[in-house]
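Heads up: the structure comes next, in structure tokens.
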Amino acid sequence: MEQSTAIAAPTEADTGSASSSGKSGKSAGRIRELELLRAFAIGAVVIIHATAGATVEAALGSRSQLLYLLVNRLSLFAVPIFILLSGIVLFYRYSKHWSLSEAISFYRKRLQFIVIPYLLWSLFYSYFNPWFYKTVPLSALTPDLLLDQLLWGTSSYHLYFMVIIIQFYAVFPILMTLIHRFPSLGKALPWIGLVLQAGAYAYRYYGGGLEHGAFLAVTYAFVFAVGGWIGLNYDRFRQWLDSYSWVATAAAVAVGGAYTLLHVVSRYGIKFGWETEAVLFHLYGVAAAAGLLVLCRHLSNYKGISRFLTSIGAVSFGIYFVHPVLLSVYRAYWTAPPGSLSYHWLTIGGFFIIFTLSWGISRGIKSLPGGWILLGR
């Protein structure tokens, strides 16, 4: 699966704050555990990118390679969780009241706070990566190429997520309108998402092929739909989570372990079909979200920890956009022979350095007037 190796992060506007207005009929305030979950997910994003090189550079079969592989693959819940979070928050916020004026406002805000920052960062990476890595002359960046990179998020390895999430934003008002008109659709949302995603995968691998398949939102339709169903029934879901926290935790550990084991044994020639990987990948995202929400609900009772994690989640959009350029510079100037003690220190330390710098830079930009142009809101 292409998506499993290049991980991105969410937009603040919709993936961590389920604050609601009086118009929605919900109580004002935020769902604290979702804000904390977003912090864990963006941390996983940086872990994946910081350890990606070590999973292939370390000696095959060595303990260090196995450790890096375990950490890297166990962190691959990031994108499914962010997409699931988007579904939860969007459907939660608009489940009670929805109108044409709200739909127009929805599109306007996503254009202003999501599409514009993405356009600027896509353009930045279109020029930064060729210049920094000396891959192609900047003169080769024609308008057609820049437009293609913008449409498919290919100017940097992490931007495909923006293409996917913008597609979900485009169809959400249609889905919300249909659910308000036909409430039974909300109850069947996960099944509808499953059918759509299974159909897309079947056509992609058994049919005529699906061009740009890895960049299409339909490849995450099930996860988004599950998030939507949770958002429509969040009070019930929260009660279930409190009553069966051990089930959620056990499922996250079991599915995550199976998915990680699949990748480990594949390095030794034991291969499974794409079907097994695809099913485990998306189930892991859903199970990990439930398991981590159990943890986040407990952590939300500790003000210091909760405040710290919330401050991370609040700028996750910025960390997502900023960290790849910092990681490129870090790897270019600080290197060591793979397998050496220095290599391990640089890899592990690199995560903390890049994450902290990305966090600090994002907080700084967001505090500036007009910072939304780069980091949204």
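- At most 12 heavy atoms of other shown residues, nucleotides or ligands fall within 6.0 angstrom of atom NZ in Lys303.
- For the atom pair Leu36 CG and Leu299 CG, the distance stands at 6.0 Å (nearest 0.5 Å).
- Between Tyr92 and Ile230, the closest side-chain pair of non-hydrogen atoms is not below 4.5 Å.
- A 4.5 Å side-chain heavy-atom check between Glu57 and Gln65 finds every atom pair outside the cut-off.
- Taking the side chain as every heavy atom from C-beta outward, Phe40 and Leu295 approach each other to under 4.5 Å.
- Under the 3.5 Å distance criterion, the side-chain polar atoms of Ser243 are matched with a main-chain donor or acceptor of Gln239.
- Taking the six-membered ring for Trp and the full ring otherwise, the centers of His49 and Phe351 sit at least 6.0 Å from each other.
- Below 30°, between 30° and 60°, or above 60°: for Trp274 and Tyr206 the angle between ring planes is between 30° and 60°, a tilted geometry.
- The cluster map of Ile, Leu, Val, Met, Phe, Trp and Tyr, joined by side-chain heavy atoms under 4.5 Å apart, puts Val325 and Val136 in different clusters.
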Please lay out, stage by stage, how Leu74 and Tyr284 fare under the test side-chain contact (heavy atoms from CB on, under 4.5 Å). CA-CA 9 Å; Leu74 282 172; Tyr284 180 37; 3.8 Å; yes
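- Here the side chain of Lys271 pairs a donor or acceptor atom with the backbone of Ser266 at under 3.5 angstrom.
- The side-chain heavy atoms of Thr276 and Leu262, taken from C-beta on, include a pair separated by under 4.5 Å.
- Within a 6.0 Å radius of OH in Tyr133, more than 12 heavy atoms belonging to other residues, nucleotides or ligands are found.
- There is no side-chain donor-acceptor pair under 3.5 Å between Tyr205 and Glu275.
- Under a cutoff of 6.0 Å and an axis angle of 45°, Arg110 and Phe106 form a cation-pi pair.
- Residues Ser101 and Ser99 have side chains that bring a donor and an acceptor to within less than 3.5 angstrom of each other.
- With hydrophobic clusters built from ILVMFWY side chains whose heavy atoms lie under 4.5 angstrom apart, Leu368 does not share a cluster with Leu120.
- Between Phe355 and His323, the ring centre distance reaches or exceeds 6.0 Å.
- Aromatic pair Phe77/Phe281: ring centres not closer than 6.0 Å.
- Within the 3.5 Å criterion, the main-chain N or O of Gly313 finds a donor-acceptor partner in the side chain of Ser316.
- With hydrophobic clusters built from ILVMFWY side chains whose heavy atoms lie under 4.5 angstrom apart, Tyr203 shares a cluster with Val279.
- Checked against salt bridge (Lys or Arg N to Asp or Glu O under 4.0 Å), Asp148 has no partners two or more places apart in sequence or in another chain.
- Residue Pro190 comes nearest to Gly186 through the heavy atom pair CD-O, 4.5 Å, listed as atom of the first residue, atom of the second, then distance.
- By the 30° and 60° cut-offs, the orientation of the rings of His344 relative to Tyr68 is tilted.
- Between Leu85 and Leu37 there is a side-chain heavy-atom pair separated by less than 4.5 Å.
- Between Ser358 and Leu326 there is a side-chain heavy-atom pair separated by less than 4.5 Å.
- Taken from CD1 in Ile319 to OG1 in Thr356, the straight-line distance is 9.0 Å, to the nearest 0.5 Å.
- Ring geometry for Phe317 against Phe321 counts as tilted: the plane angle lies between 30° and 60°, on a 0 to 90° scale.
- When atom types are taken as modelled, the side chain of Ser122 and the backbone of Tyr118 share no donor-acceptor pair closer than 3.5 angstrom.
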Check the pair Tyr169, Tyr107 against ring-ring contact (aromatic ring centres under 6.0 Å, His included), reporting the backbone distance first and the verdict last. CA-CA 8 Å; Tyr169 290 155; Tyr107 281 127; 9.6 Å; no
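- Taking CD1 from Ile192 and CD1 from Ile179, the interatomic distance works out to 7.5 Å, rounded to the nearest 0.5 Å.
- Summarising the geometry of Glu211 relative to Leu216, their closest heavy-atom pair is O-CD1, 3.9 Å, with the distance given to 0.1 Å.
- Tyr333 and Ile353 end up in the same hydrophobic cluster when Ile, Leu, Val, Met, Phe, Trp and Tyr side chains are linked at under 4.5 Å.
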Could you go through Phe215 and Thr154, starting from their C-alpha distance and side-chain angles, then the distance that decides it, and tell me whether this counts as side-chain contact (heavy atoms from CB on, under 4.5 Å)? CA-CA 10 Å; Phe215 300 86; Thr154 54; 4.1 Å; yes
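- Between Tyr94 and Trp98, the ring planes lie perpendicular to each other; the angle is over 60°, past the 30° to 60° tilted range.
- Rounding to the nearest 0.5 Å places CG of Leu241 at 10.0 Å from SG of Cys296.
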Run Trp359 and Phe308 through ring-ring contact (aromatic ring centres under 6.0 Å, His included) and show every step you take. CA-CA 12 Å; Trp359 179 26; Phe308 170 70; 5.4 Å; yes
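- Applying side-chain hydrogen bond (donor to acceptor under 3.5 Å, both in side chains) to Gln149 and the options Ser155, Ser126, Ser156 leaves one that passes, Ser126.
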Val115 vs Ile166, test: side-chain contact (heavy atoms from CB on, under 4.5 Å). Steps then yes/no. CA-CA 8 Å; Val115 176; Ile166 288 172; 4.2 Å; yes
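- The structure places CD1 of Ile48 at 7.5 Å from OG1 of Thr51, a figure rounded to the nearest 0.5 Å.
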Does Ser62 form a side-chain hydrogen bond (donor to acceptor under 3.5 Å, both in side chains) with Ser64? I'd like the steps, not just the answer. CA-CA 5 Å; Ser62 64; Ser64 59; 3.2 Å; yes
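- A 4.5 Å side-chain heavy-atom check between Val294 and Trp246 finds every atom pair outside the cut-off.
- Using a 4.0 Å cut-off between charged side-chain N and carboxylate O, Glu35 and Arg32 make a salt bridge.
- Of all heavy-atom pairs between Leu84 and Ala289, the closest is CD2-CB, 4.0 Å.
- Closest approach of Ala170 and Pro173 over heavy atoms only: O-CD, 3.8 Å.
- Taking CD1 of Ile305 as the reference point, atom OG1 of Thr310 lies at 11.5 Å (rounded to 0.5 Å).
- Across Gly349 and Tyr330, no two heavy atoms sit closer than the pair C-OH, 4.1 Å.
- Put simply, the side chain of Leu375 does not reach to within 4.5 Å of the side chain of Pro117, judged on heavy atoms.
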Criterion side-chain contact (heavy atoms from CB on, under 4.5 Å) on Thr335 and Tyr343, from CA distance to verdict: CA-CA 7 Å; Thr335 60; Tyr343 180 85; over 6 Å; no
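- Ring geometry, Phe124 versus Trp121: the interplanar angle exceeds 60°, so the pair is classed perpendicular (tilted spans 30 to 60°).
- More than 12 non-hydrogen atoms from other residues, nucleotides or ligands lie less than 6.0 angstrom from CZ of Phe132.
- Leu111 and Leu123 fall within the same hydrophobic cluster, defined by Ile, Leu, Val, Met, Phe, Trp and Tyr side-chain heavy atoms under 4.5 Å apart, directly or through other members.
- Minimum interatomic distance between Tyr157 and Leu327 (heavy atoms only, all atoms of both residues): OH-CD2, 4.1 Å.
- For Arg297, the salt bridge (Lys or Arg N to Asp or Glu O under 4.0 Å) partners are Glu33, Asp242, not counting sequence neighbours.
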